[in-house]
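Contents: one structure, followed by commentary.
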Amino acid sequence: MKKRLFSILISICMVFTMIPMAGGAVFAATATSVTIGGVELNAETPYYHNGTDGAVGTADNIATGSSAVFEPESGTLTIDELVVDGISANGISATGDLTIKLVDGVNRINVTGSHNAIIVTDNGNLTITGSATLIAENGSNPQTTVYASNTMTIKDMAKVNVTKSGGEAQAIHASSITISGRNTQVTATNNGTASGEGNASYALKVTSAVTVSDGAGLTAIQGGNADVPAVYGTVNISEGSTVKAGTDAANAATLDGSTTEL
């Protein structure tokens, strides 16, 4: 079964490359502030309000009507129908560990220029949790759409849709990625036309493994160049979970728990 599935992947130009696990664990402090569209939230100004009539969103100390609340004690950013649209700055950025909690509705981050939709740096871990939807998009530039310099975890029925329009960068990039929980769904699409390795335009890139477990689903699409793999790194799939990968959603190959590792 494994040989047959791997042959299918090769035939449609999707290569899952085995990468050794990175040696040693890396720990980071919890983020004490977070920036949304260039506006900083911290203990003194924990609330963010969407802009109205095309205006840029603002930070203040008034909770009423806020679309984002930051809790520096836990490094948690709770978002509720957050809209960061067409901002020429990183959509959400933090130094250290950050948890994004999705409360309700559709949260959308779309950035222009050479920026990331979401970026967590300095060995930071990124966790996305909650039962709502997060859409993250950026353009044809050398910046990854959603990036964590250490691990990334998506869980608890979160619906995460990440798109990279073009350029030599990834849709999602982390040292490792864990997607878990029934009804947790992640879609990563990269339409970049770069070829070869290095900064090639993968839908997902990890230095160790992508693990999909406990009934979660992952769809990885490389729509810009059929010679570039949709996923770069090891893929682990538990029973009851599925991974779809290919050059478009309609023709993506489906893998399930019977293929425990590629």
Side-chain angles (χ1 to χ4, degrees), residues 28 31 34-37 68 75-77 79 82-85 87 89-102 106-130 132-156 158-180 184-192 199-212 216-224 230-233 245:
V34 63
T35 300
I36 302 178
T76 299
L77 178 68
I79 60 178
L82 173 70
V83 177
V84 181
D85 196 6
I87 299 296
N90 289 329
I92 295 176
S93 61
T95 300
D97 295 345
L98 177 67
T99 296
I100 297 176
K101 184 178 180 180
L102 310 175
V106 176
N107 302 272
R108 184 171 182 267
I109 302 169
N110 176 273
V111 300
T112 61
S114 187
H115 300 288
N116 310 83
I118 301 174
I119 181 170
V120 174
T121 59
D122 282 5
N123 296 319
N125 302 298
L126 173 63
T127 299
I128 301 175
T129 182
T133 298
L134 174 62
I135 298 172
E137 305 164 316
N138 68 346
S140 298
N141 59 61
Q143 304 302 321
T144 294
T145 308
V146 178
Y147 173 83
S149 60
N150 199 13
T151 68
M152 189 180 303
T153 301
I154 302 172
K155 61 181 183 176
D156 298 336
K159 307 294 188 293
V160 179
N161 193 322
V162 180
T163 302
K164 177 67 181 166
S165 297
E168 293 190 1
Q170 326 311 321
I172 301 177
H173 187 184
S175 63
S176 65
I177 301 170
T178 299
I179 303 168
S180 65
T184 301
Q185 295 289 331
V186 177
T187 300
T189 303
N190 198 327
N191 293 319
N199 283 332
S201 303
Y202 308 110
L204 284 87
K205 182 179 181 180
V206 293
T207 52
S208 55
V210 179
T211 300
V212 185
L218 165 65
T219 300
I221 302 298
Q222 211 304 333
V231 177
Y232 184 95

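Quick note: numbers below take in every heavy atom, side chains included, and nothing from hydrogens, waters or symmetry partners. All of these numbers come straight from a predicted model, not from anything done at the bench.
- Of all heavy-atom pairs spanning T184 and I154, the tightest one is CG2-O, 3.8 Å.
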**Study point:** Evaluation steps, side chain to side chain contact (heavy atoms under 4.5 Å, CB included), between V84 and I36
**Key:** CA-CA 8 Å; V84 181; I36 302 178; 3.6 Å; yes

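- Residues N90 and V111 share a closest heavy-atom pair of C-CG1, 4.3 Å.
- A donor-acceptor pair under 3.5 Å links the side-chain atoms of N116 to the main chain of T144, judged by distance alone.
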Practice item. Test V186 against I128 for side chain to side chain contact (heavy atoms under 4.5 Å, CB included), laying out the working first. Key: CA-CA 11 Å; V186 177; I128 301 175; over 6 Å; no

Practice item. Show your reasoning for whether side chain to side chain contact (heavy atoms under 4.5 Å, CB included) applies to V120 and D97. Key: CA-CA 7 Å; V120 174; D97 295 345; 5.9 Å; no

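- Proximity of a side-chain donor or acceptor of N125 to a complementary backbone N or O of N150 within less than 3.5 Å is not detected.
- A donor-acceptor pair shorter than 3.5 Å can be found between the side chains of T145 and N138.
- Residues L98 and I92 are in side-chain contact: their nearest non-hydrogen atoms beyond the backbone lie under 4.5 Å apart.
- Under a 3.5 Å cut-off, the side chain of K164 and the backbone N or O of Q143 do form a donor-acceptor pair.
- Minimum heavy-atom separation, A89 to G37: CB-C, 4.0 Å.
- At least one side-chain heavy atom of L218 sits under 4.5 Å from a side-chain heavy atom of L204.
- Formation of a donor-acceptor pair under 3.5 Å by the T121 side chain with backbone atoms of T95 is not found in this model.
- Aromatic ring pairs are classed by plane angle as parallel below 30°, tilted from 30° to 60° and perpendicular above 60°; the pair Y232 and Y202 is tilted.
- Remark: T127 pairs with no residue by the side chain to side chain donor-acceptor pair (under 3.5 Å) rule, at least two apart or across chains.
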Exercise for review: Please report the C-alpha distance between I109 and N107 in whole Å, then the side-chain angles of each, then the deciding distance to 0.1 Å, and finally whether the side chain to side chain contact (heavy atoms under 4.5 Å, CB included) criterion is met.
Suggested key: CA-CA 7 Å; I109 302 169; N107 302 272; over 6 Å; no

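- A 6.0 Å sphere centred on NZ of K101 holds no more than 12 heavy atoms belonging to other residues, nucleotides or ligands.
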